[in-house]
S.K.: 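Below is a structure I'd like to ask you about.
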Amino acid sequence: MNDLQIPNIGFGTASTVQESYGQAETAVKVAIDLGYRYFDTSKLYFNESEIGLAIAQKLDENVIQRDDILVANKFWCVYDDCATIEKSCRESLEKLKLNYFDVYLLHIPSRCVYKGEEIFFPLYSEPKNQMRDTDYVKAWKSLESLVEIGLAKSIGVANCTQVQLQRILDEATIMPKIVHIECCPGLHQKKLIKYCNDQNILVSAYCPLNRPDFREFAESYNNHSGVLDICRKYGKTSSQLILRYLFQMGTIPVPKSITPSRMGQYIDIFDFELTDAEMDLIDTFYVDERSIDLEQGLNPHQFPFMRKKIPVSSKCKF
């Protein structure tokens, strides 16, 4: 039984990585005021302290209580053993001004050589020598210890395949409660979503709106006569249709934005329902391409993602 109680939509905090620093705090405050209660964070986003200030202020103002929100965090692929994973978790908790994470996730199955606390992407400079053969199941077993000592209420996996997830299920003592995957009309991952639903594992969908190739997709999707007809029918934007589509597919969409008007639109998707025919229309934008650019030097059995190269301008960095 999956007892993780999670809101129907989340707020992604990685958006400020590509923007100027200082915007995460404001964005999270606005998100809380708008009604977002699920926040996806990571040490890799370099904005935990800002997010922590925002959450702390809203707690002090009694806008929210700690039990009202779900905060997810992730540890990166340079950590494997219990000591380093616990250290990373405690550092993130301190920056976010929290005592525990509602969910703590394995960020990616592939394992990188540890080069120091500030070097998160060692494979970019020397890709041939920066990957390890360490089994990600070892990292999962270390992750279980965080639940046992109370630093995380639940644990999960991000950026995995069905095969990788099944290996974890086969060997886990504490089962994953959530899987966090790239998911959008261009990469709907229906088979993996069905598998997770059958296993009673929740699915959260990151990069839901503008991937894998934002410019090409936006032009074809936003100008499509059928999409425009659906927008007029429900009085919604094309982005709201996508988020509703992903929700009806059985995922928890996690959009990201620093624009209050868009943030307000993204959470306003629960007063209409797409028909089967409308869902099928959005299905036609499927291209089976990923926007994660980490294929160089990765062990195929640990990170079997990239199939086609996508223009750099459209890639979604972690």
S.K.: Are any side-chain N or O atoms of Thr251 and backbone N or O atoms of Ala205, one a donor and one an acceptor, separated by less than 3.5 Å?
M.R.: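 Not a single qualifying donor-acceptor pair exists.
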S.K.: How about Glu182 and Leu187: do any of their side-chain heavy atoms sit closer than 4.5 Å?
M.R.: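 The answer is yes, as the side chains (C-beta and beyond) meet within the 4.5 Å cut-off.
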S.K.: Please check if the side chain of Glu171 supplies one atom and the backbone of Ile168 the other of a donor-acceptor pair under 3.5 Å.
M.R.: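 Such a contact is absent between Glu171 side chain and Ile168 backbone.
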S.K.: Taking the ring centre of each residue, are Phe247 and Phe270 less than 6.0 Å apart?
M.R.: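 Yes - the distance between ring centres of Phe247 and Phe270 falls below the 6.0 Å cut-off.
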S.K.: Measure across Ser88 and Phe75 and return the closest heavy-atom pair with its distance rounded to 0.1 Å.
M.R.: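 Here Ser88 and Phe75 meet closest at OG-CB, 4.3 Å.
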S.K.: Can any side-chain N or O of Ser92 pair as donor or acceptor with the backbone N or O of Cys89 at less than 3.5 Å?
M.R.: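 Between the backbone of Cys89 and the side chain of Ser92 there is no qualifying donor-acceptor contact (under 3.5 Å).
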S.K.: Within a reach of under 6.0 Å around CG of Asp280, are more than 12 heavy atoms found that belong to other residues, nucleotides or ligands?
M.R.: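 Result for CG/Asp280: enclosed.
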S.K.: Are Ile269 and Leu228 in one and the same hydrophobic cluster, where Ile, Leu, Val, Met, Phe, Trp and Tyr link if side-chain heavy atoms are under 4.5 Å apart?
M.R.: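 Different clusters: Ile269 never reaches Leu228 through Ile, Leu, Val, Met, Phe, Trp or Tyr contacts under 4.5 Å.
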S.K.: Taking 4.0 angstrom as the limit, do Lys233 and Asp229 come out as a salt bridge?
M.R.: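 No, this pair does not count.
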S.K.: Should Lys74 and Asp40 count as an ion pair when the cut-off is N to O under 4.0 Å?
M.R.: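 A salt bridge is present here (some side-chain N lies under 4.0 Å from a carboxylate O).
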S.K.: Is the shortest side-chain heavy-atom distance between Asp33 and Lys58 below 4.5 Å?
M.R.: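 A side-chain contact exists here, since the closest heavy-atom pair is under 4.5 Å.
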S.K.: Does any donor atom in the side chain of Gln248 or Arg244 lie under 3.5 Å from an acceptor atom in the other side chain?
M.R.: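 Their side chains do contain a donor-acceptor pair, which is all the 3.5 Å distance test asks for.
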S.K.: Taking all atoms of both residues into account, what is the closest heavy-atom pair of Leu243 and Pro253, and its distance?
M.R.: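 Looking at all heavy atoms of both residues, the shortest contact is O-CG, 3.5 Å.
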S.K.: Does Ser42 reach the main-chain N or O of Leu44 with its side chain, forming a donor-acceptor pair under 3.5 Å?
M.R.: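 Yes; judged by distance alone, with no hydrogens or angles, the pair exists.
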S.K.: Do Gln166 and Tyr195 have a side chain donor and acceptor closer than 3.5 Å?
M.R.: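 Short answer, yes.
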S.K.: Just grab all the side-chain hydrogen bond (donor to acceptor under 3.5 Å, both in side chains) pairs involving residues 93-102, residues at least two apart or on different chains.
M.R.: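 Those involving residues 93-102 are Arg66-Asp102.
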S.K.: When rounded to the nearest 0.5 angstrom, what is the spacing between CD1 in Ile155 and CH2 in Trp140?
M.R.: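 Here the rounded value is 3.5 Å.
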S.K.: Measure centre to centre between the rings of Phe285 and His188, then say whether the value is under 6.0 Å.
M.R.: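 Judged by ring-centre distance (under 6.0 Å), Phe285 and His188 do not meet the cut-off.
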S.K.: Should Val71 and Leu53 be regarded as members of a common hydrophobic cluster, given that ILVMFWY residues are connected when their side-chain heavy atoms come within less than 4.5 Å of each other, either directly or indirectly?
M.R.: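 No, separate clusters.
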S.K.: For the atom pair CD1 (Ile258) and OG1 (Thr13), what is the distance rounded to the nearest 0.5 Å?
M.R.: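 Between Ile258 CD1 and Thr13 OG1, I get 13.0 Å after rounding to 0.5 Å.
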S.K.: If you compare all heavy atoms of Asn197 against all heavy atoms of Gly250, which two are closest, and at what distance to 0.1 Å?
M.R.: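 The answer is OD1-O, 3.8 Å.
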S.K.: Would you sort out whether Gln189 and Thr161 count as a side-chain contact (heavy atoms from CB on, under 4.5 Å), showing the intermediate values?
M.R.: CA-CA 10 Å; Gln189 303 217 56; Thr161 65; over 6 Å; no
S.K.: For atom NZ of Lys194, decide whether the heavy atoms of other residues, nucleotides or ligands shown that lie under 6.0 angstrom number more than 12.
M.R.: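 Atom NZ in Lys194 is not packed in, count stays at 12 or less.
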S.K.: For the pair Thr237 (side chain) and Gln240 (backbone), establish whether a donor and an acceptor sit closer than 3.5 Å, ignoring hydrogens and angles.
M.R.: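 Between the backbone of Gln240 and the side chain of Thr237 there is a qualifying donor-acceptor contact (under 3.5 Å).
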S.K.: Please collect all ring pair (Phe, Tyr, Trp, His ring centres under 6.0 Å) contacts where either partner lies in residues 164-185, sequence neighbours excluded, each pair once.
M.R.: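 Qualifying pairs: His180-Tyr206.
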S.K.: Whether the Gln57 and Glu61 side chains hold a donor-acceptor pair (N or O, under 3.5 Å, no angle test) is what I'd like checked.
M.R.: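 The criterion, which ignores hydrogens and geometry beyond distance, is satisfied for Glu61 and Gln57.
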S.K.: Could you tell me the separation between the CZ atom of Arg37 and the CG atom of Asn8, rounded to the nearest 0.5 Å?
M.R.: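 If I round to the nearest 0.5 Å, the distance is 13.5 Å.
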S.K.: Give the intermediate values and the outcome of side-chain contact (heavy atoms from CB on, under 4.5 Å) for residues Glu50 and Asn47.
M.R.: CA-CA 5 Å; Glu50 296 176 56; Asn47 55 14; 3.9 Å; yes
S.K.: So do Val103 and Lys177 actually touch side chain to side chain, heavy atoms under 4.5 Å?
M.R.: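 When only atoms from C-beta onward are counted, Val103 and Lys177 do not touch, as no gap falls below 4.5 Å.
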S.K.: Looking only at non-hydrogen atoms, find the nearest pair between Pro208 and Cys184 and report the distance.
M.R.: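 So the two residues come closest at O-CB, 3.3 Å.
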S.K.: Is the closest basic N to carboxylate O distance between Lys43 and Glu48 below 4.0 Å?
M.R.: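 Answer for the salt bridge query: no.
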S.K.: Just wondering, do Phe39 and Ile51 contact through their side chains at under 4.5 Å, heavy atoms?
M.R.: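 When only atoms from C-beta onward are counted, Phe39 and Ile51 do not touch, as no gap falls below 4.5 Å.
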S.K.: Could you tell me the separation between the CD1 atom of Ile85 and the CG atom of Leu143, rounded to the nearest 0.5 Å?
M.R.: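 Those atoms lie 6.0 Å apart.
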S.K.: At their closest point, which heavy atom of Pro7 faces which heavy atom of Leu70, and how far apart are they?
M.R.: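 For Pro7 and Leu70, the tightest heavy-atom pair comes out as CD-CB, 4.4 Å.
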S.K.: Quick check: do Phe272 and Lys236 have side-chain heavy atoms less than 4.5 Å from each other?
M.R.: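 Yes - at least one pair of side-chain heavy atoms lies under 4.5 Å apart.
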S.K.: Keeping Thr26 on the side-chain end and Gln23 on the backbone end, is there a donor-acceptor pair under 3.5 Å?
M.R.: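 A pair under 3.5 Å: no.
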S.K.: Is there a side-chain contact between Ser204 and Val179 (heavy atoms, below 4.5 Å)?
M.R.: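 No, side chains not in contact.
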S.K.: Given side-chain contact (heavy atoms from CB on, under 4.5 Å), test Ile69 with Tyr38 step by step and report yes or no.
M.R.: CA-CA 6 Å; Ile69 60 172; Tyr38 165 29; over 6 Å; no
S.K.: For the atom pair CG (Leu146) and CG (Leu93), what is the distance rounded to the nearest 0.5 Å?
M.R.: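 Between Leu146 CG and Leu93 CG, I get 9.0 Å after rounding to 0.5 Å.
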S.K.: Hey, does Ile9 have a side-chain heavy atom less than 4.5 Å from the side chain of Pro255?
M.R.: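 The answer is yes; the side chains approach within 4.5 Å.
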S.K.: Measure the CD1-CG distance between Ile181 and Leu192 for me, rounded to the nearest 0.5 Å.
M.R.: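 Going from CD1 on Ile181 over to CG on Leu192, the span is 4.5 Å.
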S.K.: Which heavy atom of Ala31 sits nearest a heavy atom of Met263, and at what distance?
M.R.: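 Taking Ala31 first and Met263 second, the nearest heavy atoms are N-CE, 3.4 Å.
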S.K.: Check the pair Lys141 / Thr173 against side-chain contact (heavy atoms from CB on, under 4.5 Å), numbers first and verdict last.
M.R.: CA-CA 8 Å; Lys141 300 304 289 184; Thr173 301; 3.0 Å; yes
S.K.: Can you check whether Gln199 reaches Leu165 side chain to side chain, under 4.5 Å on heavy atoms?
M.R.: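 When only atoms from C-beta onward are counted, Leu165 and Gln199 do not touch, as no gap falls below 4.5 Å.
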S.K.: If we count only N and O atoms by modelled type, under 3.5 Å, do the side chains of Tyr234 and Glu278 hold a donor and an acceptor together?
M.R.: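 There is such a pair between these side chains.
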S.K.: Short question: side chain of Asp68, backbone of Gln65 - any donor-acceptor pair under 3.5 Å?
M.R.: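 Yes, because the side chain of Asp68 sits within donor-acceptor range (under 3.5 Å) of the backbone of Gln65.
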